[in-house]
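Letters A, B, ... mirror the listed sequences (proteins, then strands); counts begin at 1.
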Number of protein chains: 2
Amino acid sequence: MNKHMQLPAVSASSPIYDVLRRDLVGGRFKAGEKLAINALKEQYQVGLSPLREALNKLAAYGLLVQENQRGFRVPKLSREELDDIARLRTELEGMALERAIAHGDAVWEADLLAAAHRLKRADITLDKGEEWERLHTHFHRTLVAPCGSVWLLRFIEQLNYQFDRYRRLGPKMPTIRQELDEQHHELVELALQRDATAARALMDDHIHKSYEVALARYQQHA
Amino acid sequence: MNKHMQLPAVSASSPIYDVLRRDLVGGRFKAGEKLAINALKEQYQVGLSPLREALNKLAAYGLLVQENQRGFRVPKLSREELDDIARLRTELEGMALERAIAHGDAVWEADLLAAAHRLKRADITLDKGEEWERLHTHFHRTLVAPCGSVWLLRFIEQLNYQFDRYRRLGPKMPTIRQELDEQHHELVELALQRDATAARALMDDHIHKSYEVALARYQQHA
DNA sequence: GTAGGTTAAAAAATCGATTATTTTGTCTAA
DNA sequence: TTAGACAAAATAATCGATTTTTTAACCTAC
């Protein structure tokens with residue numbers, strides 16, 4: 001495992017919190033939808049208190065909107081917000097990648113290679129979309145992990161969840177995905193070569209391509 | 001009021017949440033301290049459910065640490081984290097300020113002047129430290145408000161709360177504070193002149209000076 | 001005297017029920 | 001027909017009590 005710093009515990013390991021976050025990011029709820037708490041209670045087979053606490057956390061985290069005395073709602077999607085998220089991702093992940101390349105050690109290099117390999121394997125045997133998502137998230141996290149800033153990592157994680165709400169609106173697009181997957185490996189190569197400038201440029205392009213996928217899906221979605 | 005975008009509702013207006021956040025940022029709890037929920041319940045005269053929901057939100061927001069089945073704890077302070085926060089503040093607020101200067105309109109200019117003036121007034125009649133803090137936060141928020149990025153504003157807000165946990169460790173330092181206050185007015189001037197480069201440089205310096213204050217207090221605190 | 005294990009006390013988390021608020025439907029009057 | 005007021009239903013929020021887990025104290029055996 002990584003020896004990197006202890007995160008200030010964003011996700012207390014409450015199972016219902018994790019499950020709900022996964023379902024929100026994965027698009028199991030419609031954007032703008034109002035959550036019927038009692039229905040959720042049954043659907044997920046949890047008590048009211050743990051459920052409400054999870055919803056509160058998710059709201060603080062930006063994956064739900066809490067309205068005064070009227071419960072919780074799935075945030076709306078908008079072109080403007082997608083642009084915002086993609087732009088900030090570019091800035092923050094670029095920054096983090098540069099720092100990671102400056103500080104990452106041999107363990108990081110090994111982790112990176114492993115994460116990229118597992119991702120490719122999961123892509124070839126392309127069952128289990130959820131498993132691919134997990135590995136994809138893990139790869140991008142590994143890439144920036146040794147950037148040295150706990151807070152930067154937190155923000156990047158948050159932005160990625162938000163971004164995925166758009167990206168995962170539609171079904172897979174095999175051609176563009178293959179292109180993106182190749183970039184994953186190129187990113188590893190550049191990172192191992194410690195070429196921060198080229199890596200950052202590629203990361204910019206990678207996020208931009210993902211953005212175009214997300215945007216297309218968002219526009220089809222309407 | 002501002003006509004700027006609807007934030008994705010970070011703070012649901014639960015009164016206990018706001019009060020607790022203020023007290024956490026203001027240093028009414030010791031860093032590392034374990035929160036006794038029943039004591040809080042009495043102290044703040046609230047029920048268990050609203051209290052726990054507030055604590056959960058604060059944990060998701062990074063102002064508390066939630067440990068598996070052992071309640072909530074005030075996060076520890078560390079030199080490394082302070083450095084991290086200050087550095088990220090510099091990057092993010094600099095970015096936001098540049099964008100705000102590019103997009104801010106006449107209403108913004110007026111808001112800025114008003115916020116700076118109120119802050120100075122509160123400083124002269126220097127009673128009510130809490131009121132000064134409110135106005136200070138409001139000034140810095142106004143400065144970057146029209147940056148056009150909801151998420152950037154969220155992250156900056158979060159970082160400022162964290163930063164203030166360090167800055168507010170000790171009593172006022174009149175000399176350095178005066179210097180910082182002058183910078184507030186200079187920031188307004190540069191913003192009105194739309195000199196993004198100079199404004200950003202000044203902001204860098206402003207945050208750096210604040211950082212030195214915070215660091216001194218943190219070191220005295222041990 | 002210390003390590004390991006058992007029990008008692010304390011605290012956190014959860015549950016079921018109650019209360020308060022909002023939403024929906026219906027009726028009346030203009 | 002429509003706007004407004006009222007009542008009923010639905011839903012959210014809160015409360016008090018119970019259950020579970022952790023922490024502390026104590027005891028025993030080595």
Side-chain angles (χ1 to χ4, degrees), chain A residues 6-25 28-76 165, chain B residues 6-25 28-76 165:
Chain A
Q6 37 139 11
L7 285 171
V10 136
S11 62
S13 50
S14 164
I16 180 61
Y17 171 82
D18 288 319
V19 172
L20 271 174
R21 189 189 53 202
R22 190 166 46 70
D23 289 351
L24 281 165
V25 171
R28 287 229 210 329
F29 298 95
K30 274 205 299 262
E33 177 183 356
K34 174 137 169 273
L35 295 186
I37 298 194
N38 282 327
L40 289 183
K41 194 167 79 96
E42 286 190 27
Q43 195 175 340
Y44 289 96
Q45 285 294 305
V46 286
L48 192 60
S49 309
L51 176 58
R52 284 191 58 89
E53 292 185 8
L55 295 175
N56 271 280
K57 266 190 278 197
L58 290 164
Y61 204 59
L63 283 169
L64 284 176
V65 178
Q66 188 168 19
E67 285 164 311
N68 197 1
Q69 301 270 104
R70 314 65 295 189
F72 297 86
R73 193 172 281 284
V74 181
K76 288 241 179 68
R165 293 186 64 221
Chain B
Q6 37 136 15
L7 285 171
V10 135
S11 63
S13 49
S14 164
I16 181 60
Y17 172 81
D18 289 318
V19 171
L20 271 173
R21 189 189 53 203
R22 189 164 48 70
D23 290 350
L24 282 164
V25 172
R28 286 228 211 331
F29 298 94
K30 275 204 299 261
E33 175 183 357
K34 173 137 171 270
L35 295 187
I37 298 194
N38 282 326
L40 289 182
K41 195 167 78 97
E42 285 189 27
Q43 196 176 338
Y44 290 96
Q45 286 295 305
V46 286
L48 192 61
S49 308
L51 176 58
R52 285 191 58 88
E53 292 184 7
L55 295 175
N56 271 280
K57 265 191 277 196
L58 290 164
Y61 203 59
L63 283 168
L64 284 177
V65 178
Q66 188 168 18
E67 286 165 311
N68 197 0
Q69 300 271 105
R70 67 219 51 166
F72 297 87
R73 194 172 280 283
V74 181
K76 288 241 179 68
R165 293 186 64 220

Reported CG-to-NZ distance for the pair A/Leu48 and A/Lys41, which is rounded to 0.5 angstrom: 6.0 Å

OH on A/Tyr44 to CD1 on A/Ile16, rounded to 0.5 Å: 6.5 Å

Nucleic acid footprint by protein, nucleotides 7-20 of chain C - heavy-atom cut-off 4.0 Å, B for base, S for sugar-phosphate alone: -----SSBB-B---

Contacts of A/Val74 that satisfy side chain to side chain contact (heavy atoms under 4.5 Å, CB included) - sequence neighbours left out: A/Leu24, A/Phe29, A/Glu33, A/Leu35, A/Leu64, A/Arg165

All salt bridge (Lys or Arg N to Asp or Glu O under 4.0 Å) counterparts of B/Arg28, not counting sequence neighbours: B/Asp23

Heavy-atom side-chain contact between B/Gln66 and A/Ser14 under 4.5 Å: no

